[in-house]
Amino acid sequence: MKKTPETRHDIDPDDIGFNDSANPHIGEMLSTRRGFLKGSAGVTLASMLGLGLSACGGGGSVSASSGSSSSSSSGGSARLMGFTPVAKSLADAFSVPVGYTASVIYALGDPLRAATPAFRNDGSDEDYDNRAGDCHDGMEYFGLNASGKPDAASSTRALLAMNHEYVTPTFLHVNGPTAGTRPAAEIDKEVACHGVSVVEIAKRDGRFATVQSSSFNRRVTGITEIEIAGPARGHALLKTRFSTTGTRTRGTLNNCGTGKTPWGTLLTGEENWAGYFKRAAGDDAKRDAKSVFALNRYGRKQASSSRYGWETAGADDHYARWNISVTGAAADGSDDYRNELNGQGYITEIDPYDKTAVIRKRSALGRFNHEAAAVSKPVAGQPLAIYMGDDAQNEYVYKFVTTAKWNAADAQPADRVATGDKYLDAGTLYVAKFNADGTGTWLELSMANPAVSGYASYAFADQGDIAINARIAADAAGATKMDRPEWCSVNPANGEIYFTMTNNSSRTAATVNAANPRAYADSKGSTNQSGNVHGHIIRIAEAGNDAAATRFSWDVYVFGAEETSPAATVNLSGLTADNDFSSPDGLGFTPSTGICWIQTDDGAYTDVTNCMMLAALPGQVGDGTSLSVASGTSTVTTYLGKPPGTQLKRFLVGPVDQEITGICESPDGKTLFVNVQHPGEGTRAADLADPGKYTSQWPANAGYGAGNRPRSATVMITKNDGGLIGS
Ligand code: FEO
Ligand code: CA
Ligand code: CA
């Protein structure tokens with residue numbers, strides 16, 4: 001979802017940020033110097049970098065070490081990064097490099113069972129419990145063998161599991177959404193368009209297509225019943241009329257980034273969920289001080305209206321739950337929905353292979369605006385780490401370290417849900433402090449940390465309270481305020497973790513810091529924008545390459561910029577016409593090639609180009625230099641990776657008024673899947689009768705499906721010579 005002042009019609013208020021804590025925007029200098037970690041990590045990296053990627057899992061046949069541009073595969077011998085970059089474009093089209101083909105395979109409304117009628121795409125369609133949802137987002141690939149059993153190495157049959165982040169109501173109803181009090185049928189449709197879908201794909205004539213009649217196909221929506229797991233299960237803060245024991249809730253909401261566990265399940269991140277709930281004026285007086293403090297910190301001050309008005313359809317429980325005002329008499333909230341907000345904001349685990357398996361919200365990983373969940377490279381006998389960002393202005397970077405040590409037998413478990421219980425319900429949650437000297441510290445979020453247990457602003461009761469109110473615990477611990485942490489991914493070549501910081505219009509010269517060093521002005525047509533307008537990508541190397549380390553080193557892999565942006569203050573990475581970009585959001589490494597795919601969700605450079613995806617072969621933390629960056633009268637020193645040069649290239653540009661998001665591949669590296677989210681979102685409902693006024697008509701204008709209304713969709717990319725994607 002675009003989130004800049006230049007696109008007010010689609011700004012997401014949940015991204016504006018509610019971090020009023022007194023935390024500094026950068027940690028103080030540690031007595032330890034940058035050199036200590038760089039030295040120890042450097043030795044490990046040097047040995048790691050000698051490893052071919054084929055040794056790092058993923059089933060690919062390529063042998064290419066990080067930074068190399070050589071590859072070999074059975075279906076094409078071109079070099080990795082050998083493709084010709086795609087030019088920036090404002091066309092309402094999906095453009096890939098010469099020699100590649102892009103095909104839409106799964107769009108909003110596509111049926112997931114044989115009995116569901118074809119999509120008419122005129123706002124009259126129903127039965128979204130059995131159709132693709134709206135606003136495709138994060139996506140993962142789960143291989144199947146010919147007998148329909150899990151097979152991570154299969155490149156012929158698989159399940160795609162993907163998020164449906166939100167809805168564009170204009171196109172879901174014949175005449176757009178009803179204003180004011182909303183009909184229940186409209187709300188039911190919108191709730192069903194949220195959540196997750198699982199769809200089988202299989203190769204026919206050498207190319208993947210969806211299998212409409214597959215028994216694996218399923219939807220998880222905003223009303224699906226889900227268990228709370230981990231320290232928040234049964235907590236007083238989760239008691240509702242629906243679950244008086246605080247153990248269950250309904251729906252996974254605003255699902256953005258994803259992750260894939262080593263045991264074969266989907267992790268889905270619940271992002272901008274707070275705005276779905278109404279909270280009445282005067283509600284503060286009916287609650288205790290802790291409750292009011294937490295609601296304010298999570299963006300639901302009293303007198304907050306809801307995003308879609310789902311609570312307006314009446315007293316029925318399906319609609320009443322969207323009003324979190326205190327309305328009942330029970331002191332513990334068990335007869336109303338005052339605690340309903342605490343049921344959203346988690347990493348939720350879904351078994352894509354078994355639609356009867358229980359779905360669990362993994363509360364130990366903390367509650368905030370979740371994006372992706374990137375799992376560290378599993379090492380037998382060592383804990384796993386799961387890396388996560390909280391996407392709102394001035395929020396934080398987190399990691400969860402499992403108590404259980406990785407057992408390689410768990411890669412093919414008999415019970416995937418029980419395996420999730422083993423790794424994801426017990427462990428330690430940390431938040432990141434980025435120090436000015438290029439080191440960092442993981443701060444523990446538990447009662448064992450005196451800064452948390454003794455926090456003056458909020459008296460935590462227990463670990464469940466810390467999990468539910470992780471942002472407040474992170475404030476207490478002293479985390480570093482970042483420029484909207486979006487997706488993260490682990491580089492399979494060396495285990496380093498890449499985090500997109502998409503942009504931050506509230507970053508100023510007074511608040512720049514080493515890890516978020518830019519605040520500047522940029523023009524877009526006749527408008528002026530300011531802050532960290534174009535975003536950047538930070539990467540982290542854990543001390544000793546240990547997932548459980550509490551120290552790390554970091555640098556900025558690349559700064560987003562326009563090719564003409566000032567080189568000394570903005571275009572610090574020397575981007576050119578072939579690779580300039582703004583607002584990195586989705587990010588993922590593909591194991592077959594080690595390529596880092598960078599996707600944009602931009603509103604700042606869209607006067608020049610639609611959102612895009614770039615391919616990169618990055619080096620490692622510390623391969624560049626320190627650098628002084630001036631923002632107005634402030635100057636900070638940051639750590640800049642080696643300029644990417646031709647190892648960063650634009651790979652595709654999408655249609656108008658959309659973002660590119662979600663990335664996964666077949667294990668052979670020869671098919672890549674990406675999502676196009678919300679094309680044409682800026683179209684006004686008043687213009688529905690005139691397709692010529694739609695800001696986009698994709699993918700109908702590319703020959704996919706009925707009607708003219710634009711649709712979010714999954715795109716399959718193949719190389720015409722059958723080679724690796726990115727060669
Ligand atoms: Fe759903 Fe922060 O992107
Ligand atoms: Ca500009
Ligand atoms: Ca995103």
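This chain uses plain numbering: 1 for the first residue, then up along the sequence. Keep in mind the model is a prediction, meaning the values are calculated, not measured. In each ligand, atom 1 is the first atom listed, and ligand 1 is the first ligand listed.
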* To do: Examine Glu371 and say whether one of its N/O/S atoms is closer to atom 1 (Fe) of ligand 1 than 2.8 Å.
  => no

* **Which residues share a salt bridge (Lys or Arg N to Asp or Glu O under 4.0 Å) with Asp522, sequence neighbours left out** => none

* Results of side chain to side chain donor-acceptor pair (under 3.5 Å) for Trp310 - residues two or more places apart only -> Glu190

* Asked: So Tyr276 and Tyr308, would you call those rings parallel, tilted or perpendicular, with 30° and 60° as cut-offs?
  -> perpendicular

* To do: Would you confirm whether the ring centroid of Tyr557 sits within less than 6.0 angstrom of the ring centroid of His536?
  => no

* At a cut-off of 3.0 Å, list the protein N/O/S atoms near the Ca ion (ligand 2), residue plus atom name. => Asp522 OD2, Ser523 O, Glu562 OE1, Glu562 OE2

* Kindly give the atom name of the N, O or S atom of Glu486 closest to the Ca ion (ligand 3). => OE1

* Can you tell me the angle formed at atom 1 (Fe) of ligand 1 by OE1 of Glu271 and SG of Cys256, to 10°? -> 90°

* **Ring centre gap for Phe434 and Phe552 strictly below 6.0 Å** => yes

* Answer yes or no for Asp137: is there an N/O/S atom below the 2.8 Å cut-off from atom 1 (Fe) of ligand 1? => no

* Hey, would you say the Trp597 and Phe651 ring centroids sit under 6.0 Å apart? -> yes

* To do: With sequence neighbours left out, write down each residue that passes ring-ring contact (aromatic ring centres under 6.0 Å, His included) with Phe18, or none if nothing qualifies.
  => none

